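Following: one structure in structure tokens, then a few remarks.
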Amino acid sequence: MSLEKYEAVIGLEVHAQLMTASKMFCRCPNQYGSSPNTNVCPVCTGQPGALPVINKKAMELGVRAAIALNCEIHPESVFARKNYFYPDLPKGYQISQYEKPFCTQGYVVVQLKTGEEKRIGITRIHFEEDAGKSNHEAYGTLVNLNRAGVPLCEIVSEPDMRTAHEAGQYLRALHSILRYADICDGNMEEGNFRCDANISVRPIGTEKFGTKVELKNINSFKFVEKAIEYEVQRQVFAIENGEKIIQQTRSWNSAKNVTEVMREKEQAHDYRYFPEPDLPKLVFSSSWLDKIKKEMPELPQQTSARFKAAFDLSDYDASVLTSSKELAKYFESVVSHSKNGKASANWVMNELLGRLNAVGKEIDLSPVSSTQLAELIAKIDSGEISGKIAKTVFEEMFATSKDASSIIKDKGLVQISDPAALENVIRKVIESNPSQLAEYKAGKVKLLGFFVGQAMKETKGQANPALLNELVKKFLDS
Ligand code: ADP
Ligand code: ZN
Ligand code: MG
């Protein structure tokens, strides 16, 4: 196969919905799931004479994104009309930004599975209002304008990615950053974080880009990677077959695992952009920009660095624990109550995430709260229960959401650390195994483990292991 003679060139365009209370140019709620056509007014339904007013919060969130993505912010930018005709666009144009976006030239650092990091350039971010939604039913199409006028940032990357994996990691990094900084809630099912992927291929060693194909609206990280992989192969095979790649827009069919043509270049829109006459130039004062910079929340990379330093975690552990803001918060809460960073990291990553994964739940729906998990860890550290018993207790906590203390009490699982109680058990075990005792006395010292095991079994695993070990040895050697 000739796939390895080619290299893919990939650039992504992401539409991220901004977490504002109201729409971009009117006071209608920015709210998903309301009854159709209830969050509407003369402005966002394009009634004659209605005038837009800029939502300051949307501008602030855009500036935050620009800072988080290391962009150059332009104090002056211009809104533009993007004209096209579609039933879910009542004005006949979208207010967007074109020649003068509010920011350009940023980058994101992404982690690759090779352990390397790669910097992906961001060409520009511009503001844009969303269109409404057309719902295609068997009997016809219904238009819902609740989404019309909802504020978006469109984030355009440089064609810097070379594999589906790199594109997936870029998208994950972007998603995580926007969520950390409370810019976008990132809900992909509700369409609040949407991605178009531009893909071309070229023979390895050549500079010139091939003709690109645009994949529209792919709504999960996994699908983005699969769709790109498929599309790269399709293009290589076509070229090897002597065909020419045609510039077109395609969509991902997740049932068939293929990309399909939506439209060809000849059908491309001419948007006839021009500056929006109903809005002034967008001007950011330097004091306002400084204020936003000062108020920036912590970003994933910073949280990760802080965790590594404070709790002595590996790069990997820190990256897992900061993979989402909710998980990072949960972990911090566990540590603050358990006062044991390493154990908290292990319990969250190995036991809790493992169980959550198995039942397909996210951390915010964990049946075990952070304070409950911290209490369990503290009980191991204080010697009240052994690590082994703790696993049994945890299973029960996960199944019932009960506190560790009530499970330990109900099931009588408290660790036995009373020497007198353990000595009784040990005496019994030694008396009932005379031949092993004789062998031990004759020099087979590794039988110590046998006696400890028997005694542990006798206590149903509740003996304090260190103490038990010490006492068994004392008895055998006396
Ligand atoms: P268009 O004019 O079609 O909108 P742009 O140059 O604005 O194209 O780029 C849109 C997106 O496509 C960007 O993310 C860019 O990085 C990417 N891109 C541009 N050319 C190519 C190419 N030949 N192959 C892959 N991606 C590309
Ligand atoms: Zn409105
Ligand atoms: Mg373009």
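All figures in this text were calculated on a predicted structure; none of them were measured in a lab. Both ligands and their constituent atoms are indexed starting at 1 by order of listing.
- Residue contacts with ligand 1, taken as heavy atom pairs separated by less than 4.0 Å, do not involve Thr211 at all.
- Between Val156 and ligand 1, a contact under 3.5 Å exists for no N or O pair.
- The ring of Tyr107 has its center no closer than 6.0 angstrom to the ring center of Tyr170.
- Relative to the six-membered ring of Phe274, Arg81 misses at least one condition, a distance below 6.0 Å or an angle of at most 45° to the axis.
- A side-chain donor-acceptor contact under 3.5 Å links Arg194 to the backbone of Gly191.
- Without hydrogens or angle criteria, Asp130 side chain to Arg147 main chain gives no donor-acceptor distance under 3.5 Å.
- Near Gly210, the atoms of ligand 1 lying under 4.0 angstrom from a non-hydrogen atom of the residue are 23 (N).
- To the nearest 10 degrees, the angle centred on the Zn ion (ligand 2) between SG in Cys44 and SG in Cys26 reads 110°.
- Among the atoms of Ile199, none of the N or O lies under 3.5 angstrom from an N or O of ligand 1.
- Considering Glu260, Glu214, Glu231 as possible partners of Arg250, the one that fulfils the salt bridge (charged side-chain N to carboxylate O under 4.0 Å, His left out) test is Glu231.
- Short contacts between ligand 1 and Glu158, defined as distances under 4.0 Å to a heavy atom of the residue, involve ligand atoms 16 (O).
- Interface atoms of ligand 1 facing Val9, defined by a heavy-atom separation under 4.0 Å, are 24 (N), 25 (C).
- Between Glu60 and Lys56 no salt bridge is recorded (no basic side-chain N to carboxylate O distance below 4.0 Å).
- Each of the atoms 23 (N) of ligand 1 lies under 4.0 Å from some heavy atom of Phe209.
- The distance from ligand 1 to the heavy atoms of Ser157 drops below 4.0 Å at these ligand atoms: 13 (C), 14 (O), 15 (C), 16 (O).
- The SG atom of Cys28, the Zn ion (ligand 2) and the SG atom of Cys41 define an angle of 100° (nearest 10 degrees).
- Panel note: side chain Lys100, backbone Gln97; no donor-acceptor pair is recorded below 3.5 Å.
- Comparing Lys212, Gln247, Glu13, Glu214 by heavy-atom distance to atom 20 (N) of ligand 1, the nearest is Lys212.
- Phe221 meets the ring-ring contact (aromatic ring centres under 6.0 Å, His included) test with His175; sequence neighbours excluded.
- Below 3.5 Å of separation, one finds an N or O of Asn198 facing an N or O of ligand 1.
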